[in-house]
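First up is the structure itself, then whatever we jot down about it.
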2 protein chains.
Amino acid sequence: MKKANTPSRRRGDLMSPACPSRDVLKHLTSRWGILAVVALQGGSTLRFGELRRAIGGVSERMLAHTLQLLEGDGMVERIAHPVVPPHVEYRLTPLGREAATRLRGLAEWIEGSLPRFQKVWKEQGSADRLAR
Amino acid sequence: MKKANTPSRRRGDLMSPACPSRDVLKHLTSRWGILAVVALQGGSTLRFGELRRAIGGVSERMLAHTLQLLEGDGMVERIAHPVVPPHVEYRLTPLGREAATRLRGLAEWIEGSLPRFQKVWKEQGSADRLAR
DNA sequence: TTACATTCCGTAAGTACCTACAAAAAAGTA
DNA sequence: TACTTTTTTGTAGGTACTTACGGAATGTAA
């Protein structure tokens, strides 16, 4: 007897252009996706405004949009309290917490390696390429 | 008395809008940045064309551009042989290999978790949001 | 001579992103 | 009444990203 043919159980392949896993990658590594997940990392629940202040430079528009993408991927849970000045909280789901582990590792490595990057930038005058 | 002001030795802070570490994050998590680093992971040297074939869907233009950014950050080394049909090889630097470790972890987690994402997408009809 | 190979850079054109601004909701306060 | 609060959405406008296409280089093959 053959195994059940359930494509939904198959592993993704990021090197294939049409693989849905590329969407997840896109959402997670969008400009604000990583920062949102990292900011929520730690299990704490954050209000929209708190999250916005935690992530420097993000506009309300983009934060809301980014959170919707992550919610759509089941990595962020949105808890809206039906009060009148809206009160909305966000927190990571178990799936989101797994992603956060990897992203936090990347984020901390970048932060800790900044001196080395600055050394590289200084040694090879590559400011022109990096300016943008 | 204030502390010594040596910004070049200070750790980065991704939550600060003006921190240079955001540039590194941007380059690494650009659409093709992660895939290029992951494709080069393993220490092997790859020619431009091989790399292009390994990463499905990338145009020559964008691959060259992405590699320049990563080279500017000291994560990719470009070895050009002065022959006439151009022969160029790429490989990760030690810094790039450190990044690759984190990115590979993220990539493999996404690939392995795809079934769970597909389950989420199916349960909550969020196809509209993810379509793009 | 013509065609081909390989990598990269212009240019133009289209698409997607991002920001700023304003609006909406309903109850509480002055 | 007028104003405040918090979150989200709509719009317009600009910026950045992406792709497609052509060109350059120069030995070798047809």
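First the proteins, then the strands, lettered A, B, ... as listed; each starts at 1.
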Please confirm whether the backbone N or O of A/Arg116 pairs with a side-chain atom of A/Ser113, one donor and one acceptor, at under 3.5 Å?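 No, the answer is negative, given that no donor and acceptor are paired below the 3.5 Å cut-off.
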Check whether A/Thr93 reaches the backbone of A/Gly74 with its side chain - one donor and one acceptor, N or O, closer than 3.5 Å.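 Checking the backbone N and O of A/Gly74 against the side chain of A/Thr93, a donor-acceptor pair under 3.5 Å is found.
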Spacing of [X] atom [atom1] relative to [N] atom [atom2], expressed in whole Å:
X: A/Ile55; N: C/dC18; atom1: CD1; atom2: C1'; result: 15 Å
X: A/Asp23; N: C/dA16; atom1: CG; atom2: P; result: 13 Å
X: A/Leu63; N: C/dA20; atom1: CG; atom2: P; result: 14 Å
X: B/Leu51; N: C/dT6; atom1: CG; atom2: C1'; result: 14 Å
X: A/Arg22; N: D/dT18; atom1: CZ; atom2: P; result: 12 Å
X: A/Leu46; N: D/dT6; atom1: CG; atom2: P; result: 15 Å
X: B/His81; N: C/dT7; atom1: NE2; atom2: P; result: 11 Å
X: A/Leu69; N: C/dA16; atom1: CG; atom2: P; result: 14 Å

Closest to side chain of [X], choosing from [options]:
X: B/Arg61; options: C/dA20, D/dT6, C/dT11; value: C/dT11
X: A/Met62; options: C/dC17, C/dC8, C/dT19; value: C/dT19
X: A/Arg31; options: C/dC18, C/dT7, C/dC9; value: C/dC18
X: B/Tyr90; options: D/dT18, C/dC8, C/dA27; value: C/dC8
X: A/Trp32; options: C/dT19, C/dC8, D/dT7; value: C/dT19
X: B/Arg78; options: C/dA27, C/dT19, C/dT7; value: C/dT7
X: A/Glu60; options: D/dT6, D/dT8, C/dC8; value: D/dT8
X: A/Gln68; options: D/dT5, C/dC8, D/dT9; value: D/dT9
X: A/Ala64; options: D/dT19, D/dT9, C/dT6; value: D/dT9

Select from A/Pro86 and B/Phe48 the residue whose nearest nucleotide in DNA chain C is closer to the 5' end of that strand. B/Phe48
For B/Arg52 versus B/Glu60, what's the shortest heavy-atom pair and its separation? NE-CG, 3.2 Å
Between A/Thr45 and A/Glu50, what is the shortest heavy-atom contact and its length?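 Looks like O-OE1, 4.3 Å.
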Would you indicate, yes or no, if D/dT6 has its OP1 or OP2 atom less than 4.0 angstrom from a side-chain nitrogen or oxygen of A/Arg47? no
Parallel, tilted or perpendicular: which fits the ring planes of B/Phe48 and B/Tyr90, with parallel below 30° and perpendicular above 60°?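 Tilted: the ring planes of B/Phe48 and B/Tyr90 meet at 30° to 60°.
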